[in-house]
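To start, the structure itself, in structure tokens.
Heavy atoms only: backbone and side chains are in, while hydrogens, waters and symmetry mates are out.
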Amino acid sequence: MQEKTRFFEVVTEASENDESLYEVEGIFFRPLEVSAEEKSELLKKVSEWELIDSYEYCDEDLAYDDKTEGKGERVITDELLASFIVGSFISNQVRGGYLFKDGQFAGMIIETENVSSYGMSVNKSNGLGLLLTDGRKLGKTDYHYFHSGTESSESRSSEYTLRHK
């Protein structure tokens, strides 16, 4: 299977007919095809930054009145980052990419999916977000999961940020 790119470039002049463009709150970008040497150089620029997942969870067993909850922080490594151009979401992976403007690292693109389920009823929604090196967050930069059944419920949430090392 061919790896989908995780490298994208900001486009200053966008054409409505360009199907390769993505957009988040007025910032347009498209896939950037890179050679192995270019990929290595771009990853060096990215390595000065960390994608942080600040998460919370709560699991309840309603039958036994048992509740487990917690929160924490993890760094999303390059190995856990899958291109948002791929198919379904995979556990422990974050779908996203690296955004460049004029050859310089400009931020991260993430795609997150919200899921709410009540028994057999499931609602899903997803969206793109940008975490820019100037500190701005645009679009959808968080994740929520909630499931409630007859005897149990569980919830997960994450807020993503970009941090300079």
Side-chain angles (χ1 to χ4, degrees), residues 1-8 10 21-29 31 39 42-100 105-165:
M1 183 168 100
Q2 182 180 4
E3 179 185 355
K4 299 293 186 179
T5 187
R6 290 174 290 147
F7 298 93
F8 299 83
V10 173
L21 285 181
Y22 297 90
E23 185 259 339
V24 174
E25 293 189 26
I27 295 181
F28 293 87
F29 51 95
K39 181 178 179 179
L42 293 175
L43 285 175
K44 284 180 187 175
K45 295 175 183 181
V46 170
S47 70
E48 297 176 18
W49 295 85
E50 294 177 317
L51 176 60
I52 305 297
D53 172 7
S54 299
Y55 63 87
E56 294 183 7
Y57 64 91
C58 181
D59 296 318
E60 290 186 85
D61 185 320
L62 303 172
Y64 293 100
D65 195 27
D66 184 33
K67 184 177 185 179
T68 304
E69 57 188 332
K71 60 183 176 177
E73 183 179 281
R74 70 178 179 143
V75 175
I76 305 298
T77 62
D78 186 59
E79 293 80 28
L80 292 176
L81 187 69
S83 177
F84 69 85
I85 300 176
V86 299
S88 63
F89 286 82
I90 300 171
S91 178
N92 289 329
Q93 282 192 314
V94 173
R95 288 177 50 178
Y98 306 115
L99 187 63
F100 292 87
F105 180 63
M108 296 286 299
I109 305 160
I110 59 171
E111 182 179 22
T112 59
E113 178 180 63
N114 288 347
V115 177
S116 298
S117 69
Y118 303 91
M120 298 292 284
S121 173
V122 177
N123 295 310
K124 293 183 180 185
S125 66
N126 61 326
L128 290 176
L130 298 179
L131 305 167
L132 303 175
T133 56
D134 65 8
R136 290 183 294 158
K137 290 180 160 189
L138 305 174
K140 185 165 173 20
T141 60
D142 58 0
Y143 153 84
H144 300 285
Y145 168 81
F146 177 77
H147 170 74
S148 179
T150 322
E151 297 180 0
S152 66
S153 74
E154 59 182 300
S155 65
R156 308 275 181 274
S157 65
S158 289
E159 178 68 33
Y160 297 98
T161 55
L162 190 61
R163 177 171 68 195
H164 195 266
K165 290 183 182 179

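Contact check for Phe84 versus Asn126: no side-chain heavy atoms found under the 4.5 Å cut-off. Taking 4.5 Å as the limit, every side-chain heavy atom of Ile109 sits out of range of all side-chain heavy atoms of Val24. In this structure, Trp49 and Leu131 have side chains that are not in contact, with every pair of non-hydrogen atoms separated by 4.5 Å or more. A heavy-atom distance below 4.5 Å is not found between the side chains of Ser54 and Lys71. Side-chain atoms of Leu43 and Lys45, non-hydrogen and from C-beta on, never get closer than 4.5 Å to each other. Within the 4.5 Å cutoff, the side chain of Val75 has heavy atoms near those of the Ile52 side chain. With a 4.5 Å cut-off on side-chain heavy atoms, Leu130 and Ile27 count as touching. Counting heavy atoms from C-beta outward, Leu162 and Leu132 have side chains that stay 4.5 Å or more apart.
In this structure, the side chain of Thr68 does not engage the main chain of Asp59 through any donor-acceptor pair within 3.5 Å.
To the nearest 0.5 Å, atoms OH (Tyr118) and OG1 (Thr150) are separated by 14.0 Å. For the atom pair NZ of Lys124 and CG of Asn114, the computed distance is 11.5 Å after rounding to the nearest 0.5 Å. Atom CG of Asp66 sits about 9.0 Å away from atom CD of Glu60, to the nearest 0.5 Å. The distance from the NE2 atom of His147 to the OG atom of Ser116 is 11.5 Å, given to the nearest 0.5 Å. Atom OG of Ser152 and atom CG of Leu62 lie 6.5 Å apart (nearest 0.5 Å). With rounding to the nearest 0.5 angstrom, the CE atom of Met108 is 12.5 Å from the OG1 atom of Thr141.
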When you look at Tyr57 and Glu154, which way does the side chain to side chain contact (heavy atoms under 4.5 Å, CB included) test go after all the steps? CA-CA 7 Å; Tyr57 64 91; Glu154 59 182 300; over 6 Å; no

Kindly indicate, with the supporting measurements, whether the criterion side chain to side chain contact (heavy atoms under 4.5 Å, CB included) is fulfilled by Phe100 and Phe105. CA-CA 5 Å; Phe100 292 87; Phe105 180 63; 4.0 Å; yes

List the steps, then state whether side chain to side chain contact (heavy atoms under 4.5 Å, CB included) holds for Lys140 with Glu113. CA-CA 9 Å; Lys140 185 165 173 20; Glu113 178 180 63; over 6 Å; no

Stepwise side chain to side chain contact (heavy atoms under 4.5 Å, CB included) check, Val94 with Tyr143: CA-CA 10 Å; Val94 173; Tyr143 153 84; over 6 Å; no

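The minimum heavy-atom distance between Lys67 and Cys58, with the atom names listed, is CE-SG, 3.5 Å.
None of Phe8, Phe29, Phe7 except one satisfies the ring pair (Phe, Tyr, Trp, His ring centres under 6.0 Å) rule with Tyr98; the exception is Phe7. Each of Arg163, Lys165, His164 was scored for a side chain to side chain donor-acceptor pair (under 3.5 Å) with Glu50, with one residue passing: Arg163.
Among residues two or more places apart in sequence or in another chain, the side-chain contact (heavy atoms from CB on, under 4.5 Å) test is passed with Glu25 by Leu138.
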